Protein chains: 2
Amino acid sequence: MAVDSHGTHNHGGCRTKSLAELASRLRGGERRLTGPRQAILAVLREAPHPLSSKEIHAALPRRECDPATVYRSLHLLEKLNMVQRFDLGDGVARFELQDPDGHDHHHHLVCRHCAAVVELDECDLDEFQQRVAAHSGFTLVSHRLEFFGLCPRCQ
Amino acid sequence: MAVDSHGTHNHGGCRTKSLAELASRLRGGERRLTGPRQAILAVLREAPHPLSSKEIHAALPRRECDPATVYRSLHLLEKLNMVQRFDLGDGVARFELQDPDGHDHHHHLVCRHCAAVVELDECDLDEFQQRVAAHSGFTLVSHRLEFFGLCPRCQ
DNA sequence: TTGGTTGCAAAGCGTTTGCACTTTA
DNA sequence: TAAAGTGCAAACGCTTTGCAACCAA
């Protein structure tokens, strides 16, 4: 599903070292490497697009853990910066594996009709964002940006 | 609260003709001009920033209508393009009066700590958005963009 | 009069939480 | 074994909906 031409990518870089990464990050925080956490990470590694908690739970090998555990694990992974949270417009939190070095800032293009998602590499907003920060006096400014449209099949 | 210097504005243009506008738009759609709808519109006209359904309800003169009616009215106003929906990052829908001609596309800067909101005039994304549309084959592309940071008082 | 609108209450949905039990280290 | 993690069930907050009563046109 990931479109690799046309300036999009598949976040393949995140998929290789995440398990070892998870283990070491957990140990650093006195957290434990458990079955559910590995399973959730495994699901996210295969996902070309952000997944909701429900989708992750449904994709678990034998639905082997409680939905509440999925939520708790995702919160943990988010705190460890191993996962990034998105809102693709429907108010449901979706999660995507994140490069540990945080160099994969990106946005999405979502079909308003069928909810298909295209991952976008590019982000033009640095200059705009710096202007916003300078004019407002705000610091540590970041942004959320998602595009919406009609995909070729739904037009 | 609206910051009018530094490239921000207060959306004053929306405040003048909205009631007559509402009446005529409603008539066009065989809808009725009721007390709750006028009251909600009056609240929105005074608001410098997007309001949640709960905030609107709390601001109604005598809390005179049911929360469910606020939700239903906001859906109607949104369908009539008289109100614009925003998500400022906390998953709660917020609404702001919209110019009937739709010429007030804008974004917000939200304090991560105290939730203060700055209205932003500028939007740089046309070129970026056109590139996204061209590369993906999507049509009718729009975007959602909000900035987050620490406001001067919270730093 | 009549069909759109409202109030009320209940339900829906994603998410969070309390608590006893289980598991990792 | 001790602290972290889990399952289960209940609760939560925002939002939607069914239905009978109400009211603008």
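Chain letters run A, B, ... following the sequence lines, proteins first and then strands; every chain starts at 1. Being a predicted model, the structure only gives us computed values, none of them experimental. Quick note: numbers below take in every heavy atom, side chains included, and nothing from hydrogens, waters or symmetry partners.
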D:dT6 phosphate, OP1 or OP2, under 4.0 Å from A:T34 side-chain N/O = yes

note = Atom CZ of A:R94 and atom C1' of C:dT15 are separated, to the nearest Å, by 15 Å

query = Distance only, no hydrogens: is a donor on one side chain within 3.5 Å (strictly under) of an acceptor on the other, for B:H106 and B:E96?
reply = yes

key: A:P36 or B:S52, whichever maps to the more 5' nucleotide of DNA chain D   = A:P36

note = Atom CD of A:E64 and atom C1' of C:dT22 are separated, to the nearest Å, by 16 Å

note = Result for 5'-nearest mapping on DNA chain C, choosing between B:T69 and A:G91, is B:T69

inquiry  = Side-chain heavy atoms nearer than 4.5 Å, only ILVMFWY residues, links allowed to pass through others: does that put B:L80 and B:L74 together?
reply    = yes

task = Please tell me which of the listed nucleotides, C:dT15, D:dC8, C:dG7, lies nearest to the side chain of A:A68?
result = D:dC8

request  = With the side chain of A:K54 defined as its heavy atoms from C-beta on, choose the nearest nucleotide among C:dC8, C:dT6, C:dG14.
outcome  = C:dG14

inquiry  = Applying a 4.0 Å non-hydrogen cut-off, can you work out what B:A93 is touching in the nucleic acid: base, sugar-phosphate, or nothing?
reply    = sugar-phosphate

ask   = Is A:H57 touching bases, backbone alone, or none of the nucleic acid, heavy atoms closer than 4.0 Å?
value = nothing

Check: A:R72 side chain, D:dG7 base, donor-acceptor under 3.5 Å = yes

inquiry  = Measuring from the side chain of B:R37 (C-beta onward, heavy atoms only), which nucleotide among C:dT6, C:dT15, D:dT15 has the closest atom?
reply    = C:dT6

remark   = Between CG of B:L51 and P of D:dC14 the distance, given in whole Å, is 14 Å

request  = Ignoring backbone atoms, establish whether B:Y71 has a side-chain N or O less than 4.0 Å from OP1 or OP2 of D:dT16.
outcome  = no

query = Between A:Q38 (CD) and D:dA4 (P), how many Å, whole number?
reply = 19 Å

Residue whose closest nucleotide on DNA chain D lies nearer the 5' end, A:R31 versus B:R27 = A:R31

request  = Please identify each residue that fulfils ring-ring contact (aromatic ring centres under 6.0 Å, His included) with A:F148, with sequence neighbours left out.
outcome  = none

inquiry  = By the ring-ring contact (aromatic ring centres under 6.0 Å, His included) test, which pairs, at least two apart or in different chains, include something from residues 62-83 of chain A?
reply    = none

ask   = Would you say a side-chain N or O of A:H75 is under 4.0 Å from OP1 or OP2 of C:dT16?
value = yes

task = Specify the closest pair of heavy atoms between B:R37 and B:L76, including all atoms of both residues, with the distance to one decimal.
result = CZ-CD2, 3.3 Å

query = Rounded to the Å, how far apart are A:D66 CG and C:dT16 C1'?
reply = 12 Å

inquiry  = Tell me the interatomic distance from A:L76, atom CG, to C:dT24, atom C1', rounded to whole angstroms.
reply    = 14 Å

inquiry  = Can you tell me whether the side chain of A:R32 and the base of D:dA3 have a donor-acceptor pair closer than 3.5 Å?
reply    = yes

